[in-house]
Amino acid sequence: MLIDFFFTLKDAKIPVSIKEFLTLLEAMQEGVVGTSVDEFYFLSRTILVKDEANYDKFDRAFGLYFKGINTIFEKHPDIPLDWLKKRLGRELTDEQRAALEKFGYDKLMDRLKQLLEEQKERHEGGNRWIGTGGTSPFGNGGDNPEGIRIGGKSERRSAVKVWEARAFKDYDTERELGTRNIKVALRRLRRFARQGAEEELALDATIKATANNAGYLDIKMQPERKNNIKVLMLLDVGGTMDEHIAQIEELFSAAKTEFKNMEFYYFHNCVYDYLWKNNHRRHSEKFPTWDVLRKYTPDTKLIFVGDATMSPYEILQAGGSVEYNNEEAGATWIQRFTAHFPKYLWLNPEPEGIWQYRQSIDIMRKLLSNRMFPITLSGLEQGMRLLSK
């Protein structure tokens, strides 16, 4: 009766073998579990899935075979109140959104200065003043293709400037959950050499020397084999990257384990004239980007990590940063890094299927000669293979 289940798993590209399937049938015959579907799920996953990377494929295949695919409303018939409140807000069609005026960066800043002088009270749902909702390019929670977000939470990610106190959290280097497969992918970028003091037993040499010494023990030592790959990792932090903290922590933890010669710095959205290592002291402990470029040799592997989701102004225009008036465009700094480090890539936590809909991602990919990869096991393997050439 489970033959179709077996073929469903095969169709899902799960490498399950006949032997494993027979083992599952034997376990069922011996009564290892009862008649509960949940018990059968854990038993079959334990026997049939050899790699944690295939757990998600197994879950989808299992659900398809035993339950079918349910919609989110079938699973959650009670619609949350917050969702209903947002639906009551103003929703624009694609045509209405396209018809909204784009001020342009300089005109936008001049208009904001004028409004700050004129506005005396709170506004909501309008198209002119600084407020919430509506279509005004100033405030938060509204709908405008280009605007300045003042407070509030990012929703449409279309702001070209953000006015708010920003406190970013450092990525946790100790996080281990889910990092095993990431470590396996990162190991493609390894080059071992014996370095340091002679502190490791050279077994083969010891055996040979002892034999040549008429059986008297002659211990030989050798330097420990160490991965001599040098890695510089630049991590985007804060803003839209808050959605990916858990995933980036796993990547960061795995990289710190695999690459003993790894240095890292933080940036926000795009690289500009300074970087930092501690987000709580980012304004007092800055590292000039020129110093970072001069510190590391060109044989260092450069890895950018970020969602590349921002206003195009932040990449292409001086003063385009959402936080301060940078003297040079972010694109200029990206080009300096890629010119100095021939081996480089960008790892993006956003699903690859949506990259084509983000203008800033398209711009960044062109600056990086399309060396952008998703943070998936296959994406990491492709990226590490590129860096190791």
Side-chain angles (χ1 to χ4, degrees), residues 102 104-105 145-146 157-162 189 231-241 244 248 251 263-276 287-376 379-380 382-389:
K102 285 190 177 184
Y105 183 80
E146 288 183 355
R157 303 181 179 182
S158 60
V160 300
K161 207 80 169 176
V162 177
L189 184 62
V231 175
L232 174 61
M233 185 173 283
L234 304 182
L235 302 112
D236 184 7
V237 65
T240 57
M241 284 297 292
H244 309 291
I248 303 304
L251 173 66
E263 290 287 345
F264 71 92
Y265 295 88
Y266 293 123
F267 66 93
H268 180 55
N269 284 357
C270 193
V271 175
Y272 299 113
D273 52 323
Y274 68 89
L275 305 167
W276 60 94
F287 295 84
T289 309
W290 273 120
D291 290 351
V292 175
L293 280 168
R294 296 186 184 106
K295 180 178 179 180
Y296 302 99
T297 57
D299 61 334
T300 302
K301 315 295 184 183
L302 173 64
I303 301 176
F304 293 97
V305 181
D307 59 8
T309 299
M310 67 198 90
S311 165
Y313 294 125
E314 296 183 63
I315 305 174
L316 301 176
Q317 182 168 323
S321 168
V322 296
E323 298 186 301
Y324 73 107
N325 290 321
N326 48 299
E327 295 183 358
E328 295 181 288
T332 301
W333 287 105
I334 294 293
Q335 290 168 343
R336 286 171 180 157
F337 271 98
T338 57
H340 183 71
F341 301 103
K343 300 292 186 180
Y344 64 87
L345 58 78
W346 186 295
L347 296 177
N348 194 328
E350 289 283 0
E352 191 172 6
I354 69 171
W355 290 0
Q356 59 181 317
Y357 303 110
R358 302 269 173 86
Q359 185 180 1
S360 59
I361 293 181
D362 185 58
I363 294 171
M364 193 64 73
R365 289 180 71 186
K366 290 177 180 177
L367 287 172
L368 297 164
S369 302
N370 288 319
R371 298 185 186 184
M372 183 178 286
F373 300 91
I375 302 182
T376 61
L380 289 173
Q382 293 177 52
M384 296 308 104
R385 191 177 295 115
L386 175 66
L387 289 182
S388 63
K389 290 182 178 178

Report the residues that fulfil side chain to side chain donor-acceptor pair (under 3.5 Å) with T297, sequence neighbours left out, ordered by chain and then residue number.
K230, D299

Which residues pass the side chain to side chain donor-acceptor pair (under 3.5 Å) test with T376, not counting sequence neighbours?
S378

Where the side chain of N326 meets the backbone of D273, is there a donor-acceptor pair that is under 3.5 Å apart?
no

Under the side chain to side chain donor-acceptor pair (under 3.5 Å) rule, collect the residues that match up with E263, sequence neighbours excluded.
K277

Can you list the residues that meet the side chain to side chain donor-acceptor pair (under 3.5 Å) rule with K366, with sequence neighbours excluded?
D362

Does the plane of the ring in F267 sit parallel, tilted or perpendicular to the ring in W346? Use 30° and 60° as the thresholds.
perpendicular

Heavy-atom closest pair, residues P349 and G306
CD-O, 3.3 Å

Ignoring hydrogens and geometry, is there a side-chain-to-backbone donor-acceptor pair from S360 to A308 under 3.5 Å?
yes

Of L235, I248, L251, which meets side chain to side chain contact (heavy atoms under 4.5 Å, CB included) against L347?
L251

List for me each residue that meets ring-ring contact (aromatic ring centres under 6.0 Å, His included) alongside W355, sequence neighbours excluded, and say none if there are none.
none

Backbone N/O of T289 and side chain of Y272: donor-acceptor pair under 3.5 Å:
no

Quick check: do W276 and V237 have side-chain heavy atoms less than 4.5 Å from each other?
yes

Check whether N348 reaches the backbone of D307 with its side chain - one donor and one acceptor, N or O, closer than 3.5 Å.
yes

If you define the side chain from C-beta out and look only at heavy atoms, does anything of H268 sit under 4.5 Å from S321?
no

Quick one: pull up CZ in R371 and CZ in F304 and give me the separation to the nearest 0.5 Å.
11.5 Å

Name every donor-acceptor pair, under 3.5 Å, that has one atom in a side chain of residues 336-345 and the other anywhere in the protein, sequence neighbours excluded.
from: R336; atom 1: NH1; to: E328; atom 2: OE1; distance (Å): 3.0
from: R336; atom 1: NH2; to: E328; atom 2: OE2; distance (Å): 2.7
from: T338; atom 1: OG1; to: I334; atom 2: O; distance (Å): 3.2
from: T338; atom 1: OG1; to: Q335; atom 2: O; distance (Å): 3.1
from: H340; atom 1: NE2; to: L293; atom 2: O; distance (Å): 3.0
from: H340; atom 1: NE2; to: Y296; atom 2: O; distance (Å): 2.8
from: K343; atom 1: NZ; to: K389; atom 2: O; distance (Å): 2.5

Do the side chains of H244 and E350 get nearer than 4.5 Å, heavy atoms only?
yes

Can you name the closest pair of heavy atoms from K301 and L387 and give their distance?
NZ-O, 3.2 Å

Looking at side-chain heavy atoms only, is the closest gap between I361 and I354 below 4.5 Å?
no

Identify the heavy atoms of N269 and M310 that sit nearest to each other, and give their distance.
O-CE, 2.9 Å

Are side-chain heavy atoms of L232 and Y265 found at a separation under 4.5 Å?
yes

